[in-house]
Amino acid sequence: MIEIAPSILSADFARLGEDIAAIERGGAGVVHCDVMDGHFVPNITIGLPVVKSLRRTTSLPLDTHLMISEPGRYAEQFVEAGADMVSVHVEIDPHLNRTLVAIRQKGAKAGIAINPATPLVALEESLAFADYVLLMTVNPGFGGQKFIPTMLDKVRRLRRMIEERGLQTRIEVDGGIDRTNIADITAAGAEIIVAGTAVFGGGDPAQGVRDLLASAAQWV
Ligand code: DX5
Ligand code: ZN
């Protein structure tokens, strides 16, 4: 099943409640929250208080993408704040499996996020502890970047890796996804599609979600 996960990074933070209501109307499956600390990535965004407030405004699952140093120190707090999904970058957590287990024990889905430059082999010892992999299709830090075309094959290889192991791990993709490339990306094996600019950039977020769903369905 294909789900659109609008990234609120491209929303209007002064009207977040209205923007979330709009993506709900459009049929979004998940709300993607980009948490950045200015250390792991060169940008600072939102944190625990915003996730807590969002929890009160929507019944959609909250998907928190942690682009922070020391994610193991904060992951459980994001679940307590109301996150349903928490992803941690493989590049920054020396005790990744412990963090994934802790997220699951708190009752949320645990995800491994992986940068474009990190080979899939880095997932090998951790896949079994994860409910999903968040495969970055741009270098994290900013919305509005261009999809890196070689990531399409990386999605295919990850799909194969998951199937070979007999796992149910879902693939989420993040960065530069729009109406022109979503069908290829879902055909490659991605199921949860993060989109910031494509949803919020056109002025009508509900329509942005509908357009993406329609484009994804066209070829699958
Ligand atoms: C990038 C973030 C993405 C980003 C997506 O670091 O993780 O979620 O905001 O935005 P677009 O769809 O504009 O690339
Ligand atoms: Zn993200």
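The first residue in the sequence is number 1, and the count goes up from there. Both counts, for ligands and for their atoms, begin at 1 and track the order of listing.
If you look at Thr197 next to ligand 1, the close heavy atoms, those under 4.0 Å, come from the backbone and the side chain alike. Only side-chain heavy atoms of Ser7 come within less than 4.0 Å of ligand 1; its backbone N, CA, C and O stay farther off.
Taking the charged nitrogens against the carboxylate oxygens, Glu18 and Arg15 do have a contact shorter than 4.0 Å, which makes a salt bridge. Between Lys109 and Asp63 there is no salt bridge, since no side-chain nitrogen of the basic residue lies less than 4.0 Å from a carboxylate oxygen of the acidic one. Ionic pairing of Arg170 and Glu191 is present here: one or more N-O contacts between side-chain nitrogen and carboxylate oxygen are shorter than 4.0 angstrom.
Any N or O atom pair closer than 3.5 Å counts here, and Ile177 shares no such pair with ligand 1.
The protein heavy-atom contact nearest to atom 1 (C) of ligand 1 is Phe142 O, 3.5 Å. For atom 5 (C) of ligand 1, the nearest non-hydrogen atom of the protein is Asp174 OD1, 3.5 Å. Remark: minimum distance from atom 14 (O) of ligand 1 to any protein heavy atom is reached at Gly176 N, 2.8 Å. Scanning all protein heavy atoms for the shortest distance to atom 12 (O) of ligand 1 gives Gly196 N, 2.8 Å.
Those atoms of ligand 1 that come under 4.0 Å of a heavy atom in Gly141, given as number and element, are 1 (C), 6 (O). The distance from ligand 1 to the heavy atoms of His32 drops below 4.0 Å at these ligand atoms: 8 (O). Listed by number with element, the atoms of ligand 1 under 4.0 Å from a non-hydrogen atom of Gly144 are 11 (P), 13 (O), 14 (O). Taking every heavy atom of Leu9 and a limit of under 4.0 angstrom, the matching atoms of ligand 1 come to 9 (O). For ligand 1 and Met136, the ligand atoms under 4.0 Å from any heavy atom of the residue are 7 (O). Under a 4.0 Å criterion applied to the non-hydrogen atoms of His65, ligand 1 contributes the atoms 7 (O). Near Met67, the atoms of ligand 1 lying under 4.0 angstrom from a non-hydrogen atom of the residue are 6 (O), 7 (O). Every atom of ligand 1 is numbered from 1 in the order shown, and the set under 4.0 Å from a heavy atom of Met36 is 6 (O).
The main-chain N or O of Thr58 is found under 3.5 Å from a side-chain atom of Arg55 such that the two form a donor-acceptor pair. No donor-acceptor pair closer than 3.5 Å links the side chain of Asn115 to the backbone N or O of Ala117.
If you check the side chains of Asp34 and His32, you find a donor sitting under 3.5 Å from an acceptor.
In this structure the side chain of Ile171 reaches within 4.5 angstrom of the side chain of Arg159, judged on heavy atoms. Leu60 has its side chain within reach of Glu24: a pair of non-hydrogen atoms, C-beta onward, lies under 4.5 Å apart. In this structure, the side chains of Val155 and Val173 come closer than 4.5 Å at one or more pairs of heavy atoms.
Taking both residues in full, the closest heavy atoms of His89 and Pro140 are given as CE1-CG, 4.3 Å, listed atom of the first, atom of the second, then distance. Between Val79 and Val86, the closest heavy-atom pair is CG2-CG2, 3.8 Å.
Residue Gly175 places a heavy atom less than 4.0 Å from ligand 1.
For His32, the N, O or S atom with the smallest separation from the Zn ion (ligand 2) is NE2. Closest to the Zn ion (ligand 2) among the N, O or S atoms of Asp174 is OD2.
Angle OD1(Asp34) to the Zn ion (ligand 2) to ND1(His65): 90° [nearest 10 degrees].
Screening Leu123, Val121, Leu167, Val133 for a side-chain contact (heavy atoms from CB on, under 4.5 Å) involving Met161 leaves a single residue, Leu123.
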